[in-house]
Number of protein chains: 2
Amino acid sequence: MDVKMLCLGVLSRGESTGYEIRKQFEEGSFAHFQDAGYGSIYPALKKLTDEGLVQGVDQRQDGRPDRKVYRITSRGRQALYDAVNGPLAEDKFRSDFLFMLCFADLVSPRELDRRIDERIAHHRAMLEQLHCDGGCGGTPAGLDFARRYGCAIHSAAIEFLEGHRHELVGALLQKQVAE
Amino acid sequence: MDVKMLCLGVLSRGESTGYEIRKQFEEGSFAHFQDAGYGSIYPALKKLTDEGLVQGVDQRQDGRPDRKVYRITSRGRQALYDAVNGPLAEDKFRSDFLFMLCFADLVSPRELDRRIDERIAHHRAMLEQLHCDGGCGGTPAGLDFARRYGCAIHSAAIEFLEGHRHELVGALLQKQVAE
DNA sequence: AGGTACATGTAAGCTGTTACATGATTTT
DNA sequence: AAAATCATGTAACAGCTTACATGTACCT
């Protein structure tokens with residue numbers, strides 16, 4: 001799914017602006033498994049407009065910058081339907097943190113410990129975010145399932161890191177003494 | 001970390017060819033959190049050679065195509081050290097599967113069920129792969145930790161999907177009946 | 001006879017990131 | 001007075017993917 005499809009997905013839940021769509025990927029229900037910045041969202045909305053999948057209407061506001069509210073078209077809904085029912089690309093996951101862990105022997109145990117703390121804090125923040133925007137009755141079942149899936153993964157990560165960090169740091173400290 | 005650093009990481013564990021490095025990202029210890037194809041590995045090795053971080057030696061083989069064996073240099077080791085101790089980019093995770101789940105109401109319950117089966121099978125395959133290449137005594141502590149981290153995450157994903165799939169499919173079936 | 005594994009590389013293209021440009025209003 | 005929020009967009013660049021080009025040997 002490219003940024004175009006992601007925007008279409010957000011717009012299928014209701015009209016929105018480029019700025020608001022961005023927030024969905026930063027804080028909202030999609031934040032834990034997708035990402036997109038202004039530099040990809042605005043061009044995507046333009047292309048979607050050219051293809052007739054969305055329509056944008058300028059809206060004047062006083063005190064605030066004008067904004068352009070986008071709405072999905074019926075052709076847009078069809079395109080989303082096709083994409084969701086078509087073949088899906090495999091997950092892509094890249095983690096500098098795990099890469100660093102592979103070469104943990106190059107990092108001081110103290111620094112490693114700090115980084116693991118930071119990492120756990122990050123997972124906790126994600127968990128809180130995911131717990132926040134859930135639960136309200138009107139949420140579609142699939143969206144809520146994806147949210148709870150995210151909770152499960154982040155919880156498991158925290159549990160693993162808290163349960164096993166000492167083994168890693170311990171092993172590295174011992175190695176350091178041996179040298 | 002770009003593909004250059006990934007190659008440097010693999011080469012820090014011992015000399016290797018482009019072809020073999022690729023396999024590390026497809027089946028080996030890095031497969032669960034990084035990815036790279038020939039089209040990015042070969043150019044990366046060339047650039048690393050130009051920068052003096054690796055050295056490549058041509059090796060003739062009979063019956064098989066000649067190959068070029070790369071070895072990390074001391075400057076290469078320093079560069080890896082710097083990268084691992086420097087600031088790390090945040091994890092990047094994009095999942096078409098989770099995106100599809102968000103719009104599960106657009107997919108038939110039957111098809112959804114099939115896709116969840118497939119997904120669970122995929123996680124099981126990853127788990128098996130991760131269990132395989134682990135455990136041998138000589139593995140550095142960090143590499144093994146990253147491997148077990150992967151096991152924890154994939155296990156949690158399986159557990160969640162098996163434990164909650166019926167709620168999702170059930171909700172969608174009910175909705176279908178209601179219409 | 002056809003598929004897979006071995007093995008290296010290039011070129012074009014697609015996608016997304018980063019930095020820039022602009023500017024009012026509200027909060028701290 | 002400074003920083004954050006609201007708000008849209010472009011241009012240059014970096015990075016990775018895909019397709020192409022080439023060829024042997026082994027397995028079914």
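Remember, it's a predicted structure, so these values are computed and weren't measured experimentally. Reminder, nothing fancy here: chain letters follow the sequence lines and each chain counts from 1.
One finds no salt bridge joining A:R124 and A:E118 here, because no Lys/Arg side-chain nitrogen approaches an Asp/Glu carboxylate oxygen to under 4.0 Å.
For residues 40-61 of chain A, the pairs satisfying salt bridge (Lys or Arg N to Asp or Glu O under 4.0 Å) are A:K4-A:E51, with sequence neighbours left out. Residue pairs that meet the side chain to side chain donor-acceptor pair (under 3.5 Å) test with at least one member in residues 35-44 of chain B, sequence neighbours left out, do not exist here. For residues 81-99 of chain B, the set of pairs meeting the side chain to side chain donor-acceptor pair (under 3.5 Å) definition, not counting sequence neighbours, comprises A:D91-B:S95, A:S95-B:D91, A:R119-B:D91, B:Q78-B:D82. Residues in residues 99-111 of chain B take part in these salt bridge (Lys or Arg N to Asp or Glu O under 4.0 Å) pairs, two or more places apart or across chains: B:E111-B:R114, B:E111-B:R115.
One finds no side-chain N or O of B:Y19 lying less than 4.0 angstrom from the OP1 or OP2 phosphate oxygen of C:dT8. Here B:Q61 reaches the OP1 or OP2 of C:dA7: one of its side-chain N or O atoms lies under 4.0 Å away.
Here D:dA7 presents its P atom at 13 Å from CD1 of A:I21, a figure rounded to the nearest Å. Computed from coordinates, the A:R22 CZ to D:dA7 C1' distance equals 12 Å when rounded to whole Å. In this structure, CZ of A:R67 is placed 24 Å from P of C:dT22, rounded to the nearest angstrom. Nucleotide D:dG15 holds its P atom 13 Å from the CG atom of A:D96, rounded to whole Å.
Every residue meeting the salt bridge (Lys or Arg N to Asp or Glu O under 4.0 Å) condition with B:E26, not counting sequence neighbours, appears here in chain and number order: B:R22. The ring pair (Phe, Tyr, Trp, His ring centres under 6.0 Å) search around B:H123 returns B:H154, not counting sequence neighbours. By the salt bridge (Lys or Arg N to Asp or Glu O under 4.0 Å) test, A:D113 pairs with A:R165, sequence neighbours left out. Scored by the salt bridge (Lys or Arg N to Asp or Glu O under 4.0 Å) test, B:E15 finds B:R71 as partners (sequence neighbours excluded). Residues forming a ring pair (Phe, Tyr, Trp, His ring centres under 6.0 Å) with A:F145 (at least two apart in sequence, or on another chain): B:F160.
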request  = Kindly express the pairing pattern of DNA chain C in dot-bracket notation, using | wherever a base pairs with another strand and counting only Watson-Crick or G-U pairs under 3.5 Å.
outcome  = ||||||||||||||||||||||||||||
Nucleotides 26-28 of chain C: which of its N/O atoms have a protein N/O under 3.5 Å away?
none

Check nucleotides 9-17 of chain C against the protein and report each pair of N or O atoms closer than 3.5 Å, with its distance, or say if there are none.
residue	atom	partner	partner atom	Å
C:dG9	OP1	B:K68	NZ	2.9
C:dT10	OP1	B:K46	NZ	3.1

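At least one side-chain heavy atom of A:L168 sits less than 4.5 Å from a side-chain heavy atom of A:L101.
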